[in-house]
Amino acid sequence: DWYPTLARPNVEVVTDPIAEVRPQSIVTAGGTERPVDTIICATGFHVTDFPAGDRIHGPGGRTLSEVWWERGSMEAYLGTTVAGFPNLFLLVGPNTGLGHTSMVFMIESQVAYVLDALAHMESTAAASLEVREDAVAAYNDDLQRRLAGTVWNAGGCRSWYLDANGRNTTLWPGSTWTFRRRTRRFDPWAYVTRPAPEPAPAPVLTDAAPGT
């Protein structure tokens, strides 16, 4: 019932930017002043960056934000792991957002995947695991291909789902059940695992007096 209200004779849809807010009115960029009773800011959410990435450092010292900036956009494997950042697991990472159903289901799927990854590390005595760059690239290429024809990307909509490069780094393009199937088992082939270092040999102790 909401869209028909836009066609009512007492409704005017104005898309000009607001240049000034006055005590009882707003002034748009063209200079027109319009009286207002209420101003509702409904501009969406800022979801195309990751402020916590400034505090996450990889083995070489670079932050997660720096790496994503160099690559042009945020990206992860299954929205959970990032190449170059061993033992880092994200929940609600890139392209796990939804526009149609419950995020709780997605989070539960990621938690199950992370727990299975930790179990794999324990069973193989691995000190770290890191997702392979080619696995991340293939996954995201397919992801962006699937997103290309969706309403969130197509049709000239300047959506807050898209980053400054026009790349959708926010949404999962399919059903939640498809994501659950992808994350129900850890896939070690997509990762490089490194064993724990051998413990240093114990020092040899002797009771011999110095000089003997």
Side-chain angles (χ1 to χ4, degrees), residues 2-3 6 13-22 25-30 34 36-58 61-85 88-111 113-114 131 133 136-137 139-176 178-179 182-183:
W2 183 79
Y3 284 108
L6 301 180
V13 179
V14 179
T15 60
D16 296 337
I18 296 174
E20 182 182 353
V21 177
R22 296 177 179 174
S25 64
I26 61 170
V27 180
T28 53
R34 292 178 171 84
V36 296
D37 296 317
T38 305
I39 299 175
I40 300 173
C41 295
T43 56
F45 301 91
H46 190 60
V47 298
T48 56
D49 59 14
F50 186 67
D54 295 335
R55 299 178 178 270
I56 300 172
H57 294 260
R62 292 190 304 164
T63 67
L64 180 58
S65 294
E66 289 171 338
V67 170
W68 276 343
W69 177 262
E70 291 174 5
R71 295 174 182 173
S73 297
M74 298 192 300
E75 64 177 17
Y77 180 70
L78 296 172
T80 308
T81 53
V82 182
F85 291 83
L88 172 66
F89 300 98
L90 304 174
L91 298 181
V92 196
N95 292 106
T96 57
L98 299 173
H100 59 293
T101 184
S102 171
M103 278 301 303
V104 175
F105 190 82
M106 300 289 279
I107 294 169
E108 290 174 343
S109 301
Q110 287 186 282
V111 168
Y113 183 81
V114 172
V131 67
E133 289 191 13
V136 177
Y139 173 79
N140 281 277
D141 286 348
D142 177 68
L143 193 72
Q144 294 301 321
R145 179 187 58 78
R146 292 164 60 197
L147 280 164
T150 64
V151 67
W152 300 299
N153 285 39
C157 176
R158 193 170 62 182
S159 166
W160 52 265
Y161 296 120
L162 309 181
D163 66 14
N165 298 315
R167 188 178 175 92
N168 192 329
T169 58
T170 309
L171 294 176
W172 171 250
S175 66
T176 53
T178 305
F179 187 79
R182 289 291 303 267
T183 54

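Atoms considered below: every heavy atom in the structure, side chains included; atoms not considered: hydrogens, waters and symmetry mates.
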Donor-acceptor pair, side chain of Asn140 and main chain of Val136, under 3.5 angstrom: yes
N/O donor-acceptor pair under 3.5 Å between Thr80 side chain and Leu78 backbone: yes
Backbone N/O of Tyr161 and side chain of Thr170: donor-acceptor pair under 3.5 Å: yes
Main-chain N/O of Gly174 paired with Thr178 side-chain donor or acceptor, under 3.5 Å: no
Beyond-backbone contact of Ile56 with Phe85, side-chain heavy atoms, under 4.5 angstrom: yes
Validation row: Val92, Ile107 side chains within 4.5 angstrom (heavy atoms): yes
Aromatic plane relationship, Trp172 with Tyr139 - under 30° parallel, 30 to 60° tilted, over 60° perpendicular: parallel
Backbone of Gly79 reached by a side-chain donor or acceptor of Asn95 within 3.5 Å: no
Any donor-acceptor N/O pair, Ser25 side chain to Arg22 backbone, under 3.5 Å: no
Side-chain (Asn168) to main-chain (Leu147) donor-acceptor, under 3.5 angstrom: no
Side-chain heavy-atom pair Gln144, Arg167 within 4.5 angstrom cut-off: yes
Under 3.5 Å: donor-acceptor pair, side chain of Asp163, backbone of Gly166: yes
CD (Glu133) with more than 12 external heavy atoms under 6.0 Å: no
Gln110 side chain to Leu90 backbone, donor-acceptor under 3.5 Å: yes
Pairing of Asp141 and Arg145 as salt bridge, 4.0 angstrom limit: no
